[in-house]
Amino acid sequence: MIVWINGAFGAGKTTTARELIDLIPNSTLFDPELIGAGLTQLLPAKRLAEVGDFQDLPIWRRLVVDTAAAMLAELGGVLVVPMTLLRQDYRDEIFGGLASRRIAVRHVLLAPAETILRERIADREVPPDLPDGEIRVRQWSYDHIEPYHAALAGWLTADAHPVDTSALTPYEAAVRIAGAVSSGTVPVCDIVQTPEPTSETVAAGVLLFDEQDRVLLVDPTYKAGWEFPGGVVESGEAPARAGIREVAEETGIQLADVPSLLVVDWEPPVPPAYGGLRLLYDGGRLDSDEARRMLLPGPELRAWRFVTEEEAAGLLPPVRYERLRWALRARERGAALYLEAGVPKG
């Protein structure tokens, strides 16, 4: 299990985490800041200059998941992770990766009043040997108060268990968190557990259209980016039937007919992903009544929307958008296409 301690920069996450490991039996502190610090030594300066925060590096997010899983495999017990996460897509990617490894996450938010938070930032120690320490430590924290409030007003309050630490010492906050975790007051994050593949996979997606011929996209909770309804084909399952099953599970829509094939796309392996075949089917047009009855059962999906091809370009990852683009061309022509990495062949 992981106890993830979130909060604004300067909220006291690390000091609280150090107190907490003395209160939760068989627990270990894992600070992802160390991974960020290591990457500053490992990655070329040019790459580091492309991002404003090491959290924006996909390798950092991947290493957080891999390191946490390796530490739990080595030590067992509980990891206490003090780390600010203000972007929901990064939360999805990290917590979804942990869920795929069957690692439960209990998400706690340290939430002092803003006046208290600003006082604590002002009192933070700046290492005397740190170049531009005042800017890099205190100003960084001040600059992130507004993004913290934006996350608090959106997804963060609903996702994490808040602990008002305005009048609490780090030890008192740790006592409160330990009690809430042991009593179950802090629930395990409600996120789908999709096992990570260990070899190439076949996945089937289904394109559904509204009366204006816009295509349906869904927003999974367990990974970053929008997607088509669909998923991995199970052993012994026909791909089209897998698409029908996934549509029913994700949206509540029962397709009466087997959808027609639009695209077969071979996705090359790009470590750590294994790649495989990606199939897109035409699930047909939904009338307005069917669209209104759309469901998002369980924790797997957060939202859905019908979008134009142009709007999809801003939501889908590039390779997924190319797959959609050629699927729409195949639908217009009435003939399926074979792609490799999103590029038509033959």
Side-chain angles (χ1 to χ4, degrees), residues 88-89 92 96 154-155 158 190-192 194 202-234 237-265 267 277-339 342-344:
Q88 189 175 20
D89 53 342
D92 294 349
W155 68 275
D190 193 19
I191 189 167
V192 69
T194 304
V202 177
V206 179
L207 301 185
L208 298 168
F209 300 88
D210 69 1
E211 292 174 327
Q212 281 123 23
D213 239 17
R214 297 176 302 176
V215 66
L216 177 68
L217 298 183
V218 294
D219 183 12
T221 60
Y222 55 91
K223 64 180 179 180
W226 289 72
E227 179 61 283
F228 322 109
V232 173
V233 179
E234 296 177 355
E237 185 177 31
R241 298 291 177 181
I244 293 172
R245 171 181 56 76
E246 289 284 351
V247 166
E249 291 176 359
E250 294 182 358
T251 69
I253 294 172
Q254 303 287 339
L255 296 178
D257 301 317
V258 175
S260 56
L261 182 65
L262 294 173
V263 154
V264 177
D265 188 10
E267 187 173 286
L277 288 180
R278 309 291 179 250
L279 295 86
L280 276 183
Y281 292 88
D282 184 354
R285 187 175 285 114
L286 304 176
D287 62 35
S288 56
D289 288 337
E290 288 176 305
R292 278 195 294 268
R293 290 196 298 270
M294 193 95 65
L295 301 175
L296 291 175
E300 191 166 349
L301 300 177
R302 180 183 299 108
W304 59 269
R305 60 191 291 191
F306 286 101
V307 299
T308 63
E309 182 177 345
E310 183 180 7
E311 290 169 333
L315 294 172
L316 293 171
V319 68
R320 216 171 289 160
Y321 170 69
E322 286 301 307
R323 197 174 297 146
L324 170 66
R325 189 166 73 88
W326 287 110
L328 295 178
R329 302 294 84 76
R331 183 171 180 253
E332 293 168 356
R333 299 168 186 170
L337 289 170
Y338 170 69
L339 317 177
V343 179

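- For Asp257, the CG atom sits in a loose shell: 12 or fewer heavy atoms of surrounding residues, nucleotides or ligands are nearer than 6.0 Å.
- Of all heavy-atom pairs spanning Ala204 and Ala242, the tightest one is CB-CB, 4.5 Å.
- Residues in residues 205-214 take part in these salt bridge (Lys or Arg N to Asp or Glu O under 4.0 Å) pairs, two or more places apart or across chains: Asp210-Arg214, Asp213-Arg285, Asp213-Arg331.
- For residues 316-329, the pairs satisfying salt bridge (Lys or Arg N to Asp or Glu O under 4.0 Å) are Glu227-Arg320, Asp265-Arg323, Glu267-Arg323, Glu309-Arg329, Glu322-Arg325, Arg329-Glu332, with sequence neighbours left out.
- Of all heavy-atom pairs between Ala240 and Val258, the closest is CB-CG1, 3.7 Å.
- Note that CG of Leu216 and CD1 of Ile253 are 6.5 Å apart. Values are rounded to the nearest 0.5 Å.
- Every residue was checked against the ring pair (Phe, Tyr, Trp, His ring centres under 6.0 Å) condition with Tyr321, not counting sequence neighbours, and none meets it.
- Inter-residue side-chain proximity for Leu208 and Leu255 is flagged as met; some heavy-atom pair is nearer than 4.5 Å.
- Two residues are said to be in side-chain contact when any heavy atoms from C-beta on lie closer than 4.5 Å; Val264 and Leu277 meet this criterion.
- In this structure, the ring of Phe228 has its center no less than 6.0 angstrom from the ring center of Trp226.
- Leu337 places none of its side-chain heavy atoms less than 4.5 Å from the side chain of Leu262.
- Closest non-hydrogen pair, Ala330 versus Ala336, comes out as CB-CA, 4.4 Å.
- Residues Pro239 and Tyr281 are in side-chain contact: their nearest non-hydrogen atoms beyond the backbone lie under 4.5 Å apart.
- The side chain to side chain donor-acceptor pair (under 3.5 Å) search around Thr308 returns Glu311, not counting sequence neighbours.
- The nearest pair of heavy atoms linking Asp282 to Pro259 is O-CB, 3.2 Å.
- Here CG of Leu315 is found 10.5 Å from CG of Leu324. Values are rounded to the nearest 0.5 Å.
- Partners of Glu234 according to the side chain to side chain donor-acceptor pair (under 3.5 Å) rule, which considers only residues two or more places apart in sequence or in another chain, do not exist here.
- Taken from CZ in Arg241 to CD in Glu246, the straight-line distance is 15.0 Å, to the nearest 0.5 Å.
- Rounded to the nearest 0.5 Å, atoms CG (Leu280) and CG (Leu207) are 5.0 Å apart.
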